[in-house]
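Sequence positions, counted from 1, serve as the residue numbers for this chain.
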Amino acid sequence: MNATTSRLCLLLAAALAALASQAHNITGRVTCDGHGIAGVAVSDGITVTTTDAGGYYSMTSGKMNGYVFVTVPRGYEPACRDGFDPQFWQLLNHPDSTVAEVHDFALNRVDNDNYTLIVGADTHLARRLGDRKAYKRGFIARLKQEKKQAQARGERIYSILLGDLTWDAFWYSNNYNLASFMADQRDMGYPMPLFPVIGNHDNDGAVPQGKGTDLLASKPWRTIVCPNYYSFDLGRVHYVVLDDIYYKNDDLPGRRRTGIAGARNYEALVTDYQLKWLRQDLALVDKSTPVIVCQHIPAWHFDHNRQPVATIKNIDALATCFKGFKRVHVLTGHTHVNRNVHPAAFKTDTTSMWEHNIAAVCATWWWTGQLSGREMCTDGSPAGYSKWTIAGDSLQWQYASIQDESNPQCSLWDMNQVNRFMHSDSDVLAMKALSAKVPNWDNWEPNTVLVNVYACDDDWSIEATEDGRPLPVTPVRTAAPGHFLAYALPYFKKHHKVPGDNMGLPTFHIFKVQAATPDHEVSITVRDSFGRLYRRTLARPAAFKL
């Protein structure tokens, strides 16, 4: 090759590079210890590309979401700002899509095939009811214990919060928003990487109703916290985080909360552009890989006959994205109750979808801790979180109480004494005179014991004995007696009025045990999905108290 030809080649290469830089307005490199990592997925939430052999990537972006992120691959971690905030994403520098920009990412090599995953939901911090002190004293303290225990086992530990980290109704009146939440995690020493999920209450209620409400309302989240939808790998498991809230904030006549423009209402759906991104993301994942989908609003709920019913408006389109994957677990919050759903419509010979609806860190919106000293969710579950143990592609989980380190999986109630209390206590009688919504448990036979098994699933077993004799155990749908003591009754005593809601929501994870006597001990043995046994005894008569 002569000098002229060489010069022409150089000029051509420069011209092609210039054209490429015009077409690809987001470029960069993904590295570990200065060396490029090949095959890493990078996305702006619309387009997914992968790094080349040198770790370089490029894409053409409309910059709609205002961010770019990497799907952290197996065996790597991003650095964590302030000890909890993983830096797998970056804000774009300029909204103009004609402006090119460079975003590099550095990852750290780790062995994370085996780890502990803490999954919480609905912290609802809002600078009210002493919530931040209770959160630090309870949840943060338990996380620090979990981390210490994981380190003793030689395992890494991660966490996910399934939305409603804050409470949009109080962003302006209480001056507590997403930036406040992130600052609190830093100041309280949140002790592990946190992968957050956006909830309906994490949208900006100051954005008025209009064509772009949903996108604009999630902008604080996308600016302060992280992308509103993204993916990452931890070991041999692929995680997908979705935004399943279409925020509408319709006009609301009359009085509004301070700073709020509308009704703060929404639809439960996953937008079409998210689905388009999701299909690209999953196309890069081997279908034998376990997939954990994290979103705020449940994909399904139960009807009165305990049959799964879709909650997400476009559930068919969402579920179709996972066709062919062998194991898909959907983790959700929003309801403040524990519930496991196995939708038969999405179970085939090759695919199994399983939803775990996880009860709330804040219990009943922080009310029960203030009123009774016992943080309890509306289904009678203690305030808590789901603890997952990941060993390669093996997954196990267990619900954990924040306040009780013994991790009880159930509570027992002597219904003879419950009914006696509900028909004789003066405050209860006063409540009944004011409201027909006060729960009662009058329809049980004498000597009934109720067993509330918080995270019960279809393959769990519950056995009961009295004096060594087996007793019949029957599933029932009823309100949890404990929650009445934790919330409704102390609320009435303090405020001299019956609470307007949350007095007793029927749940499906309660079982009736028919004993023969009113005063002999009843023993309960619960076996979970993994063969773990939990044993409780109830010495009767057992007073109705927390």
Is the backbone of Gly54 close enough, under 3.5 Å, to the side chain of Asp52 for a donor and an acceptor to pair up by distance?
yes
Angle class for the His509/Tyr454 ring planes (parallel below 30°, perpendicular above 60°, tilted otherwise)?
perpendicular
Do Asn203 and Ser218 have a side chain donor and acceptor closer than 3.5 Å?
no
dist Met182:CE -> Asn177:CG (nearest 0.5 Å) comes out at 11.5 Å
Going by salt bridge (Lys or Arg N to Asp or Glu O under 4.0 Å), name the residues that satisfy it together with Asp379, two or more places apart in sequence or in a different chain.
none
Closest approach of Arg327 to Pro290 (non-hydrogen atoms, all atoms of both residues)
NH2-CG, 3.2 Å
Report yes if the distance between the aromatic ring centroids of His329 and Trp388 is under 6.0 Å, otherwise no.
yes
Expected output: side-chain Glu463 to main-chain Val473 donor-acceptor under 3.5 Å
no
Would Asn249 and Thr213 satisfy side chain to side chain donor-acceptor pair (under 3.5 Å), going step by step from the backbone distance to the final call?
CA-CA 7 Å; Asn249 208 22; Thr213 300; over 6 Å; no
Side-chain donor or acceptor of Thr51 paired with backbone N/O of Gly39 under 3.5 Å:
yes
With Thr271 via side chain to side chain contact (heavy atoms under 4.5 Å, CB included) - residues at least two apart:
Asp214, Tyr246, Leu269, Tyr273, Gln274
If only atom types and distance count, is the side chain of Asn25 paired as donor or acceptor with the main-chain N or O of Val99 below 3.5 Å?
no
Is there a side chain to side chain contact (heavy atoms under 4.5 Å, CB included) between Asp204 and Leu216? Walk through the geometry before answering.
CA-CA 8 Å; Asp204 187 359; Leu216 291 172; over 6 Å; no
Between Arg156 and Val110 (side chain of the first, backbone of the second, donor and acceptor by atom type, cut-off under 3.5 Å), is there such a pair?
no
Looking only at heavy atoms, which two atoms of Thr332 and His296 are closest? And how far apart?
CB-O, 3.7 Å
Please confirm whether the backbone N or O of Ala455 pairs with a side-chain atom of Asn340, one donor and one acceptor, at under 3.5 Å?
yes
Least distance between heavy atoms, Gly28 atom then Val102 atom
CA-CG1, 4.1 Å
Could you check whether the rings of Tyr67 and Tyr229 sit parallel, tilted or perpendicular, using 30° and 60° as the cut-offs?
perpendicular
So that I know where these two stand, are Tyr230 and Phe88 an aromatic pair - ring centroids less than 6.0 Å apart?
yes
From SG (Cys226) to CG (Leu178), nearest 0.5 Å
10.0 Å
What distance do Thr31 atom OG1 and Ile37 atom CD1 have between them, rounded to the nearest 0.5 Å?
6.5 Å
For Gln145 and Arg142, what are the C-alpha separation, side-chain angles and deciding distance, and is it a side chain to side chain contact (heavy atoms under 4.5 Å, CB included)?
CA-CA 5 Å; Gln145 292 176 355; Arg142 284 305 304 273; 3.2 Å; yes
Please determine if Asp96 and Lys63 form a salt bridge, counting it only when a charged side-chain N lies under 4.0 Å from a carboxylate O.
no
Please report the interatomic distance CG(Asp272) to CG(Asn314), rounded to the nearest 0.5 Å.
7.0 Å
Side chain to side chain donor-acceptor pair (under 3.5 Å) between Thr364 and His483: does it pass, once the steps are laid out?
CA-CA 9 Å; Thr364 306; His483 188 258; 2.9 Å; yes
So do the side chains of Val197 and Ile160 get within less than 4.5 Å of each other, counting heavy atoms only?
yes
Taking every non-hydrogen atom, the tightest pair across Asn338 and Ser381:
ND2-OG, 3.1 Å
Fit a plane to each ring of Phe139 and Tyr135, take the angle between them on a 0 to 90° scale, and name the class: parallel (under 30°), tilted (30 to 60°) or perpendicular (over 60°).
tilted
Pair Cys456-Phe511, side chain to side chain contact (heavy atoms under 4.5 Å, CB included): steps then yes or no
CA-CA 10 Å; Cys456 189; Phe511 297 82; 3.7 Å; yes
Provide the full list of salt bridge (charged side-chain N to carboxylate O under 4.0 Å, His left out) pairs with a residue in residues 280-309, sequence neighbours left out, each pair given once.
Arg306-Asp458
Residue from Ile26, Val42, Val40 passing side chain to side chain contact (heavy atoms under 4.5 Å, CB included) with Thr49:
Val42
Parallel, tilted or perpendicular, as decided by the 30° and 60° cut-offs, for the rings of Tyr266 and His334:
perpendicular
With rounding to the nearest 0.5 Å, note down the distance linking CG in Leu282 to NE2 in His238.
5.5 Å
Do Trp397 and Trp354 have ring centres separated by under 6.0 Å?
yes
Exam field: side chain Glu375 to backbone Ala383, donor-acceptor pair closer than 3.5 Å:
no
To check you understand the geometry: which heavy-atom pair defines the closest contact between Asn200 and Asp164, and what is its length?
N-OD1, 3.2 Å
From Lys144 NZ over to Lys147 NZ, what is the distance, rounded to the nearest 0.5 angstrom?
9.5 Å
Heavy atoms only: give me the nearest Ile524-Ala464 pair and the separation to one decimal.
CD1-CB, 3.5 Å
Check whether the ring centres of His124 and His336 lie less than 6.0 Å apart, and answer yes or no.
yes
Centroid-centroid distance, Phe302 to Phe508, less than 6.0 Å
yes
Between His301 and Asn357, is a side chain to side chain donor-acceptor pair (under 3.5 Å) present by the stated rule, with each step listed?
CA-CA 9 Å; His301 63 277; Asn357 193 199; over 6 Å; no
Kindly determine whether Ile390 and Glu155 satisfy side chain to side chain contact (heavy atoms under 4.5 Å, CB included), including the steps that lead there.
CA-CA 10 Å; Ile390 314 295; Glu155 293 179 355; over 6 Å; no
Donor-acceptor pair, Arg109 side chain versus Cys32 backbone, under 3.5 Å?
no
Could you go through Tyr190 and Ser159, starting from their C-alpha distance and side-chain angles, then the distance that decides it, and tell me whether this counts as side chain to side chain donor-acceptor pair (under 3.5 Å)?
CA-CA 10 Å; Tyr190 196 101; Ser159 68; 2.8 Å; yes
Side chains of His342 and Asp457: donor-acceptor distance under 3.5 Å anywhere?
yes
Distance-only, no hydrogens or angles: does the Asp85 side chain make a donor-acceptor pair with backbone N or O of Cys80 under 3.5 Å?
no
Sidechain-backbone polar pair: Arg264 side chain, Asp168 backbone, donor-acceptor under 3.5 Å
no
